[in-house]
Amino acid sequence: MSQHFDDARIPALSRRAMLRAIGVAGLTLAGSSVRADQSIRLPIAGEPRDWPITHDFPQKGSMILQRTRPPLLETPMEVFDRGVFTPNDQFYVRWHWAVIPTSVDADAFRLSVRGHVNQTLSLSIGDLLRLPRVELAAVNQCSGNSRGFFLPRVPGAQWAHGAMGNARWTGVLLKDVLDRAGVKPGAVQVRFNGLDEPVVPDAPDFRKSLDIDHARDGEVMIAFAMNGEQLPLLNGFPLRLIVPGWYSTYWVKMLSDIEVLDRQDDNYWMATAYTVPDTPHANIMPGQTGVKMVPISRMVPRSFFTNVADGASLPAGAVATIRGIAFGGDAGVAKVELSVDDGRTWQPATLGEDHGKYSFRRWQVEIPQLMKGGHSLMVRCTNTAGDIQPAASNWNTSGFMRNVVETVQLTAI
Amino acid sequence: MRHLIFVVGTSFAALLASTPAWPAPAISSTTVELPAGDALFPGGPEADAINNNCLACHSADMVVNQPALPRSTWESAVHKMIKVYGAPVEDSDVPAIVDYLAKVKGSGQ
């Protein structure tokens with residue numbers, strides 16, 4: 001999967017940037033370079049391979065364009081090499097329905113809390129800013145992150161690995177807000193809705209629910225800031241639900257309505273969409289039917305290379321630093337291991353600073369001199385609950401919950 | 001809604017830093033413009049049916065960026081749009097849409 005550059009087509013700037021990267025890392029970042037025509041080659045399982053890079057979205061820098069309306073924007077992999085927190089202007093974007101308010105008045109905005117409660121609330125941003133404030137570093141990852149690697153291929157956004165990001169979320173505890181309203185006995189779930197709306201009447205509005213105990217666990221938050229600043233509109237300005245350790249489908253954007261239910265939510269986005277086979281790794285055989293489906297929930301451990309891409313080459317006989325990021329899913333990172341011999345032996349990576357169990361964690365390994373020729377490097381993460389990334393890919397019809405051990409093929413020259 | 005300040009609880013989860021010392025971030029009203037995403041499906045008259053029925057809710061790139069898929073998968077995708085998402089598609093347009101998808105994005109199965 002190596003990439004050949006036609007020198008004449010590489011603009012001066014990206015060429016300089018590339019040379020600089022080679023100088024620092026001693027490696028060619030073959031798979032991740034932006035090309036002259038402002039497209040990027042994604043290492044997914046087939047066509048389309050070349051994807052446009054866009055700068056056309058508000059409050060966003062360079063992003064991979066998966067869909068224009070409603071926006072699906074992917075974070076380029078090299079962003080994850082720069083730091084453990086994903087900058088707001090390159091944090092991925094994912095919407096379902098195209099009726100997204102393009103203007104939000106921060107003073108007029110209200111968050112309602114209603115349903116099976118003693119007192120209905122209508123909270124302004126100012127009201128929330130006066131509640132006890134909390135901050136948490138947490139990974140937000142789309143259920144379908146890495147769907148483009150599924151074989152056989154499945155419909156949906158053909159993400160590579162960039163439908164994820166890590167931020168410091170600042171806000172208030174959902175529990176504190178629910179306590180202000182007073183949850184009545186017999187509450188079963190809490191349903192969340194945002195300002196976005198379906199394009200046609202009677203189509204299912206995007207709403208998600210959590211069990212009442214989960215909603216009150218003292219970790220689920222309502223965030224008004226990410227990485228110290230208000231949220232970009234496309235990441236959910238002014239308020240977003242933060243569900244640490246759970247897939248992003250629950251992290252409702254432009255959160256405007258919280259409804260306490262005295263029953264199980266059976267709306268389409270809970271009961272039908274975003275469900276996974278109730279099997280280990282949500283794995284089934286292609287074509288298998290009659291499988292029990294359950295709502296997707298907790299994330300599973302993952303780890304990625306960020307300074308080498310599949311198909312890269314490096315000098316033979318020189319020591320090289322291989323690095324990347326990992327996260328434990330709904331538990332912390334216990335260890336990250338690297339194999340340079342097709343998974344026969346594994347060596348522990350050095351872990352970077354711990355920003356809490358829901359955050360990305362950087363990892364790094366100095367690999368010994370590689371002999372000339374092809375080498376496959378693998379990385380895997382084990383979380384603090386003892387879950388380890390599987391050696392085989394999972395498969396399901398929605399392309400959810402991929403967390404197979406990642407492999408890159410390198411050539412030492 | 002005037003007296004929302006109350007005493008900080010004692011048992012925040014270990015990883016949550018409560019009431020940090022830094023001031024609240026300024027939250028200011030935001031207005032943006034989003035790209036229209038109104039490009040048509042390529043292919044001229046062959047694309048008429050898909051252009052007439054499949055651009056209301058999402059831009060064409062949603063479809064164009066899909067992998068090659070079996071005809072049966074395209075058939076169920078079109079029916080999902082109609083049944084689940086309420087796409088107003090004339091029955092008589094369905095075959096032309098599926099033909100287009102099977103031709104442009106078909107895996108030959």
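Because only heavy atoms are used, hydrogens play no part in the values below, and waters and symmetry mates are left out as well, while side chains stay in. In what follows, chains carry the letters A, B, and so on, assigned in the order in which the sequence lines appear, proteins first and then strands, with residues in each chain numbered from 1. Model, not experiment: these values are computed from the prediction.
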Seminar exercise, completed: Given B:Ser107, B:Pro35, B:Ala26, the one with more heavy-atom pairs under 4.5 angstrom with chain A than any other is B:Pro35

Exercise. Of the listed residues (B:Ala77, B:Pro67, B:Ala39, B:Ala68), which shares the most heavy-atom pairs with chain A below a 4.5 Å separation?
Worked result: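 Heavy-atom pairs under 4.5 Å are most numerous for B:Pro67.
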
[X] [atom1] to [Y] [atom2] distance, which is reported to the nearest 0.5 Å:
{"X": "A:Asp105", "Y": "B:Ser28", "atom1": "CG", "atom2": "OG", "result": "11.0 Å"}
{"X": "A:Trp97", "Y": "B:Tyr85", "atom1": "CH2", "atom2": "OH", "result": "7.0 Å"}
{"X": "A:Glu47", "Y": "B:Gln66", "atom1": "CD", "atom2": "CD", "result": "13.5 Å"}
{"X": "B:Asp61", "Y": "A:Thr68", "atom1": "CG", "atom2": "OG1", "result": "3.5 Å"}
{"X": "A:Leu231", "Y": "B:Ile27", "atom1": "CG", "atom2": "CD1", "result": "8.0 Å"}
{"X": "B:His58", "Y": "A:Leu72", "atom1": "NE2", "atom2": "CG", "result": "10.5 Å"}

Which bit of [X] is near chain A, if near means a heavy-atom gap under 4.5 Å: side chain, backbone, both or neither?
{"X": "B:Ala87", "value": "neither"}
{"X": "B:Ala36", "value": "backbone"}
{"X": "B:Lys80", "value": "side chain"}
{"X": "B:Val63", "value": "neither"}

Exercise. Quick one: does B:Pro25's side chain get under 4.5 Å of A:Gln230's, heavy atoms only?
Worked result: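 When only atoms from C-beta onward are counted, A:Gln230 and B:Pro25 do not touch, as no gap falls below 4.5 Å.
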
Just give me the residue among [options] that pairs up with chain B most often, heavy atom to heavy atom, under 4.5 Å.
{"options": "A:Pro155, A:Pro244, A:Pro48", "answer": "A:Pro155"}
{"options": "A:Arg153, A:Arg69, A:Glu229, A:Gln158", "answer": "A:Arg69"}
{"options": "A:Val200, A:Val172, A:Asp107, A:Asp202", "answer": "A:Val200"}
{"options": "A:Thr272, A:Leu233, A:Val99, A:Thr54", "answer": "A:Leu233"}
{"options": "A:Pro58, A:Ala203, A:Pro198", "answer": "A:Pro58"}
{"options": "A:Asp56, A:Ile100, A:Val199, A:Thr102", "answer": "A:Thr102"}

Chain B contact via [X] - side chain, backbone, both or neither, heavy atoms under 4.5 Å:
{"X": "A:Gln59", "result": "side chain"}
{"X": "A:Trp169", "result": "neither"}
{"X": "A:Phe237", "result": "side chain"}

Exercise. Stepwise, does the side chain to side chain contact (heavy atoms under 4.5 Å, CB included) test hold for B:Val32 with A:Leu234?
Worked result: CA-CA 9 Å; B:Val32 301; A:Leu234 289 177; 6.0 Å; no

Exercise. So, for B:Cys57 and A:Ala98, which heavy atoms are closest and what is the spacing to 0.1 Å?
Worked result: O-CB, 3.6 Å

For this session: In sequence, state the C-alpha distance, the side-chain angles, and the governing distance for B:Asn65 and A:Arg67, and then conclude on side chain to side chain contact (heavy atoms under 4.5 Å, CB included).
Result: CA-CA 8 Å; B:Asn65 290 341; A:Arg67 180 177 69 198; 5.8 Å; no

